[in-house]
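Single-structure report; data block below.
Counting starts at 1 for both ligands and their atoms, in listed order. Nothing here was measured: the structure is a model prediction, and the numbers come from that model.
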Amino acid sequence: MFVMIGACRLELLQGDITRQQVDAIVNAANSELAGGGGVDGAIHRAGGPTLMSETSAKFPQGCPTGSAVPTTAGNLPAKFVFHTVGPIWRGGQEGEPDLLRSAFKTCLELAVEHQCESVAFPAISTGVYGYPKDLAAETALQTIHEFLQTTQQPKLVRMVLFDGGTYGAFARVLESMLA
Ligand code: AR6
């Protein structure tokens, strides 16, 4: 499903983010930028070793939670990968929503700065980091919606949801935002 926000399109798709033909792909990394499982593992496997050599060379201190750093995309069909770090869910009282909002916003700002017309996001924090999918969907979609309304860039933001349950959670939230 998709919605138009002015001239920008916000869409939900069930699939694999490493297959997306977009200008930038967002990675749900850890603060050491050490690689890992989940979407991080998939992106590094598909992108090849360039991604890790770039993060190690340019960002040896890693990346704080809620922030993001850019690299090129190696063998992926994209120009950039934005490596962001979502919060670990600790019950919701430890600033998790603000940190998740900041992770999405920083990536959207990087997309504008790098003149990306299209960017694909995974459901940051909803895997190993344990963020409840419905709450993550609310924060993610509200943040993207607000950003597109204000900035009118990038022209396409695609949430790529790996499984049906996550797609369903995001679709319900997007529908309720439109109601
Ligand atoms: N395409 C799109 N989404 C995917 C893919 C894929 N190929 N593979 C998994 N997902 P997670 P986190 C979904 O655990 O919770 C890593 O080890 C997955 O179903 O990848 O932010 C990092 O190194 C889930 O909905 O990221 C960190 O240590 C979503 O991506 C830690 O995990 C996020 O799940 C980050 O945890």
Side-chain angles (χ1 to χ4, degrees), residues 1 10-49 51-56 59-71 73-78 80-92 94-108 110 118-141 143-144 156-174:
M1 72 181 286
L10 164 55
E11 67 183 28
L12 308 184
L13 184 88
Q14 189 179 339
D16 179 347
I17 201 165
T18 65
R19 312 293 292 269
Q20 305 304 312
Q21 307 264 351
V22 285
D23 291 336
I25 285 175
V26 173
N27 182 19
N30 50 65
S31 52
E32 293 78 28
L33 302 176
V39 72
D40 195 4
I43 286 175
H44 279 282
R45 270 194 306 279
L51 272 61
M52 191 61 81
S53 22
E54 267 189 62
T55 52
S56 316
F59 310 104
Q61 314 299 331
C63 175
T65 304
S67 191
V69 296
T71 66
N75 303 324
L76 287 162
F80 303 101
V81 175
F82 301 146
H83 305 261
T84 191
V85 184
I88 298 171
W89 180 257
R90 295 195 166 92
E94 309 267 336
E96 293 94 329
D98 284 346
L99 290 165
L100 189 61
R101 191 171 302 120
S102 171
F104 276 92
K105 187 150 183 260
T106 312
C107 290
L108 291 164
L110 281 176
S118 52
V119 56
F121 282 92
I124 299 165
S125 285
T126 64
V128 174
Y129 282 2
Y131 209 112
K133 291 177 197 308
D134 51 343
L135 298 182
E138 272 175 30
T139 295
L141 294 172
T143 305
I144 296 167
L156 170 66
V157 177
R158 180 179 295 158
M159 285 295 320
V160 182
L161 296 326
F162 204 44
D163 54 84
T166 314
Y167 181 89
F170 275 72
R172 278 190 294 280
V173 170
L174 193 56

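- A 4.5 Å side-chain heavy-atom check between L141 and L12 finds at least one atom pair inside the cut-off.
- When only non-hydrogen protein atoms are considered, atom 14 (O) of ligand 1 lies nearest to V128 N, 2.8 Å.
- Panel note: side chain T166, backbone F162; no donor-acceptor pair is recorded below 3.5 Å.
- The ligand atoms of ligand 1 that sit less than 4.0 angstrom from a heavy atom of D163 are 19 (O).
- Where the criterion is an N or O separation shorter than 3.5 Å, residue side chain and backbone included, T166 fails it with respect to ligand 1.
- In this structure, the protein non-hydrogen atom closest to atom 22 (C) of ligand 1 is D40 OD2, 3.5 Å.
- Across the listed options G37, G41, P122, G37 owns the non-hydrogen atom lying nearest to atom 17 (O) of ligand 1.
- Of the candidates N30, I17, L100, the one placing a heavy atom closest to atom 2 (C) of ligand 1 is I17.
- Side-chain atoms of S102 come within 3.5 Å of backbone atoms of G66 as a donor-acceptor pair (strictly under, hydrogens ignored).
- With sequence neighbours left out, F170 forms a ring pair (Phe, Tyr, Trp, His ring centres under 6.0 Å) with no residue at all.
- Looking only at heavy atoms of the protein, atom 3 (N) of ligand 1 is closest to F162 CB, 3.5 Å.
- The shortest heavy-atom distance from T18 to ligand 1 is not under 4.0 Å.
- Not a single donor-acceptor pair under 3.5 Å links the side chain of T139 to the backbone N or O of A136.
- Nearest to atom 27 (C) of ligand 1 among the protein's heavy atoms is Y129 OH, 3.6 Å.
- If you look at A28 next to ligand 1, the close heavy atoms, those under 4.0 Å, come from the backbone and the side chain alike.
- Counting atoms of ligand 1 from 1 in the listed order, those under 4.0 Å from a heavy atom of G35 are 23 (O).
- Neither the backbone nor the side chain of I43 has any atom closer than 4.0 Å to an atom of ligand 1 (non-hydrogen atoms only).
- Among protein heavy atoms, atom 25 (O) of ligand 1 sits closest to T126 OG1, 2.8 Å.
- Looking at T18, its side chain never comes within 3.5 Å of a backbone N or O of I43 through a donor-acceptor pair.
- The closest donor-acceptor contact from the side chain of N30 to the backbone of G35 lies under 3.5 Å.
- In this structure, the side chain of S31 does not engage the main chain of P64 through any donor-acceptor pair within 3.5 Å.
- Remark: among candidates G36, A34, S31, G127, the nearest residue to atom 11 (P) of ligand 1 is G127, based on non-hydrogen atoms.
- Looking at atom 7 (N) of ligand 1, its nearest protein heavy atom turns out to be D16 OD1, 2.9 Å.
- Panel note: side chain S118, backbone D23; a donor-acceptor pair is recorded below 3.5 Å.
- One finds a salt bridge joining D98 and R101 here, because a Lys/Arg side-chain nitrogen approaches an Asp/Glu carboxylate oxygen to under 4.0 Å.
- Of the protein's non-hydrogen atoms, the one nearest atom 33 (C) of ligand 1 is A123 O, 3.3 Å.
- Heavy-atom contacts of A42 reach the following atoms of ligand 1: 7 (N) (cutoff under 4.0 Å).
- Not a single heavy atom of G130 lies less than 4.0 angstrom from ligand 1.
- Within the 3.5 Å criterion, the main-chain N or O of R90 finds no donor-acceptor partner in the side chain of E94.
- For atom 20 (O) of ligand 1, the nearest protein heavy atom (residue, atom name, distance) is V39 N, 2.8 Å.
- Side-chain atoms of D40 do not come within 3.5 Å of backbone N or O of H44 as any donor-acceptor pair.
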